[in-house]
Every structure is written in C-alpha cells, then in structure tokens.
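First up is the structure itself, then whatever we jot down about it.
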Amino acid sequence: VTHPDLPTRLRGVVGDGGLVTDPEGMRGYLTDWRGAYSGTAALVVRPGSTAEVAAVVRICRELGVALVPQGGNTGLCGGAVPDSSGRQVVLSLDRMRRIRAVDPVNQTITVEAGAVLQTVQEAAAAVGRLFPLSLGAEGSCTIGGNLSTNAGGTGVLRYGTMRDLTLGLEVVLPDGEVWHGLRGLRKDNTGYDLKQLFIGAEGTLGVITAAVLKLFPAVRSRATAWVALPSGGAAVELIGVFQELCGDRLTGFEVMSRQSVDFVLRHQSGARDLFAAVHPWYALVELSDTLPDAALDELLERGLAEAFDRSAAEDAVVASSPSQVAGLWALREGISEAQNYEGPSLKHDVTVPISSIAAFVEATDRALGDAVPGIRIVTYGHIGDGNLHYNLSKPEGSEDADFRARADELARIVYDSTRSFDGSISAEHGLGQSKAGIIADYKDAYELQLMRGVKELFDPAGLMNPGKVLPLG
Ligand SMILES: Cc1cc2nc3c(=O)[nH]c(=O)nc-3n(C[C@H](O)[C@H](O)[C@H](O)COP(=O)(O)OP(=O)(O)OC[C@H]3O[C@@H](n4cnc5c(N)ncnc54)[C@H](O)[C@@H]3O)c2cc1C
C-alpha cells in the first residue's frame, strides 16, 4: 500500500521494539479514546529519542509518506487518528516520557513530549511546586498532546492554557530539521515567538519532542463549595462576586445545568443530590492559596453571603473534608461519562465573551428546542473562560439513529449561535478532523489564508497530519 522500503528503513532507525506492524498491536493506536474516530495505518512507529524522530520524519518525507503524531490519543476531535487509506504512519511519542530536568529556582520543568500529564504534576509536587494544568484525561494524555491542542481544563481561570504555561519547545520540523528552542526564559524579545505556532497546531506543523514548562508554588490550602443557582446568568454574577473578593485565590469555577447533574445522579454510583430542592444551575467554586492557614472557608462564606444578598445563589454546601471535595469534583467530572448512558452525545466545545453567556445559552437552548422538541441539553464548563461544553442528548424514548442523523444540523445551530455572539466554535478541544471541514464557514477568510501560508511554509509537501485543522486541497 505504501512504499515497500518503509518498514525496513524505519526499523533501521528505531529497531524492532520501535515498530508496530501487526493489526492486533496497532489496534489501540487507530481508534481514539472515546471510540468516536477510527482509521487504518501502514504501521506505527515509536521513536525513543529526538534524533530518532528526526530520522523517521526524514525517511517519511523522502518516501512521500504522511505522518500522524500521537500522544495519549485522548483528544476529542480525531486529530491523532489516521485516515482510512492505510498509507499513513502513526508516530507515537509513547517511548519519550522522560522528565529531563526540574529547576525549582527557575520554576521550570523540562519534559519529553510523551510524558503523561499526571507524571509531570507529580514530578513538580515532589519539589514543592505545582504544574497547574488539570483535566479529566490527565492520567493518559501527554504533554505533546496538551501542547498541540493548547489544552485548557479546570485551572485556566488562574493559570492560563498551555500557551501561557510554556517557555520553550524542541520540535522536529517536517523536513527532519530539529528546532532547539528549549529556553527557560520568561523574557525573550528576540523576534517572532515561534513556539506559539506549534502550540495548538494539532501536529500539522511538526512533531514536538520536548518542552520547558512553568511551575508555580505548591497549593497548601483549599476551600470548595457546591452552589445552587437560580439561572445561568446568576453564574456570571457569582463569579464576579468571587473574583472581586478573592482575586487570584479563585482557582476553579465550573458550572453545570440541572440536566447535566441529573445524568450524573442517575448513572454515577454513590452520587446524591446535595439539596432537597431542584435548581436550574449549579456552580463548583474552589479557592486555593499557598499559605497553609489561609482561612479560605471564611472567605468562601463571605462570598456566598454576598451572593445570597444579590439573589445570585439559592443554596450552598461547603466541603468540610478531602473526601467531600473529591465528591463534589466527581459530580462535575462525571458528566461526560454519565451522558454516554443516555444514547449518542453530540458534543460542542464553544466559547463566547463571558458577558454574553446568559443570552447565548438562552438563544441556543431555544433554537435547539424548536428544532428537536424534548432534546436534552447538557451544558457545563469553565465559565470563567467563557467556555461551555454544549452537549446534546436525544429526547427520551426516541431512536439513537434518528438523533445521530441530525448531528450536522444541530451542530450548525450551536455554531451559528456562537458566531452571532462573537464566539469561537472550538474553545479548547481543537479542530482535528471533526471541524476541519467547516472551519472555513466560521473563521475570517483572510485569517485562514494566512494559516494556509504558514502550513505551506513549514510543510510544503503536506505530509504532517494532513486533513487536520485545515481541509485538504
Ligand atoms: C475525559 C476527558 C476529559 C477531557 N478534558 C479536557 C479539558 O478539560 N480540557 C481540554 O483542553 N481537553 C480535554 N480533553 C481532551 C484531551 O484530553 C486533550 O486534548 C489532551 O490535551 C490531548 O492529549 P493527548 O496526549 O491525548 O493527545 P492526542 O489525542 O494523542 O493528540 C491530540 C492532537 O495533538 C497532536 N499531537 C499529539 N502529540 C503531539 C506531538 N508530540 N507533536 C505534535 N503533535 C502532537 C495529534 O496529532 C492530535 O492532533 C479531555 C479528554 C477526555 C477524554
């Protein structure tokens, strides 16, 4: 199917252990974590060093073979999954997991791209520091994938996305050259900031092999509350109350609609409703501080009292033990899985200016309800970033296939509404293959033309993750 010399040439670089060619061994690399995207591949190559990545890329370029970089394969838009031609090669970073250096004084950690996020968090904690990126897939996703999707998660409000957390990169370019940009500098005004081109590029401009990431002082106290809200708009008011009162100590603020919580209560063992009454929306508020005795509970109580005065909250529970904190986060983190028990979940990951969230939710819910009476809308997310996961489940009792058949039409409703509120159709998951075909309808034409120019400059042969981010042709 592909060039006959390919396996032998690659084996010469990575050895037998670095090549997977049998269908059984390749299976896990060809379907994403959710099972939503599948492809086939000529083979999977697993280089063990930057030099090996560079040699692999050079061979593939010489033989005209397209590469699909892959980390933990937990991405939600099919970016790490090859196409169905059987001619592409999956380049997995799963043998490049080393923590190369930890520098607590410079507050940096240097890691290889295949390092699992949780391992990096633990290596930082071991020297009394925090690496703040945190997301549901942290036990499996890798730094290379986090960088390539500019991952966000639950700490963005305080610490930013991967763009904000990265000081330097090492990248193998599509021609096989290595860019040694592993600088640990917080100031470096020597021209264009090239690393930002690779962050969020979803593997279309090169293979990231290592990164220098920022560390922060460890968190030593925490306070967490679960708050019942009268409306989605009240969440925006509530976050304002806490931001004014606590500044940077507000490190987590997640919201979820009643429908989201209903699914978790129905399907998560041990989950229980924390209030006697049913409320339309909920927020999970988390304060944290580097001081061990920061009296955050008092601060939380003050914020809640003000929220009650302003009618921005209807009820609240403050966690009083680590297990209660874990229970509150489990309610939030369990939404995605719980929704899977209710038939197909049509996922949308959008962002609008925070000031527009209430109007956006109202308009979008109405349009979806008009299109599919009885549709169940599972809205939740990182409201401090203006980011909502707008996931849809079929009306109770209806057929999966009928609902799935309307996926594109319903996505258009969500995305058209997002556009009308000056938002973006991908907040943190990226475009991958799922949105490469429609991004032209939602992004400025000149901006897309500039993006194509960048792609052409770095990858004129079009062999680096083709068909992802930008449509082919
Ligand atoms: C339960 C769950 C919760 C999640 N929560 C969040 C969340 O809160 N916030 C969020 O942002 N995302 C979230 N995600 C999405 C996903 O975990 C992230 O996108 C993650 O950053 C992907 O990392 P990965 O290593 O699995 O990347 P992969 O899925 O392997 O790859 C993702 C993309 O990056 C490219 N890539 C991977 N490694 C490299 C490399 N070394 N060089 C160049 N390109 C590369 C791939 O080609 C692909 O385009 C969640 C996913 C799950 C399953």
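In each ligand, atom 1 is the first atom listed, and ligand 1 is the first ligand listed.
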> For the ring pair (Phe, Tyr, Trp, His ring centres under 6.0 Å) test, which of Tyr415, Phe360, Tyr380 pairs with Tyr390?
Replying inline: Phe360
> What is the ring orientation for Phe458 with Phe198, classed by angle as parallel under 30°, tilted 30 to 60°, or perpendicular over 60°?
Replying inline: perpendicular
> Name the residues in contact with ligand 1, where contact means a heavy atom under 4.0 Å away: which are they?
Replying inline: Trp33, Pro69, Gln70, Gly71, Gly72, Asn73, Thr74, Gly75, Leu76, Gly79, Ala80, Leu93, Ala113, Leu135, Gly136, Ala137, Cys141, Thr142, Gly144, Gly145, Asn146, Ser148, Thr149, Ala151, Gly152, Gly153, Glu202, Gly203, Gly206, Val207, Ile208, His382, Glu428, His429, Asn465
> Got a second to check how far Leu76's CG is from Thr149's OG1, nearest 0.5 Å?
Replying inline: 9.0 Å
> Under 3.5 Å, is there a donor-acceptor pair between the side chain of Asn465 and the main chain of Glu202?
Replying inline: yes
> Gln339 side chain to Ile335 main-chain N or O, any donor-acceptor pair under 3.5 Å?
Replying inline: no
> Under 3.5 Å, is there a donor-acceptor pair between the side chain of Gln259 and the main chain of Thr379?
Replying inline: no
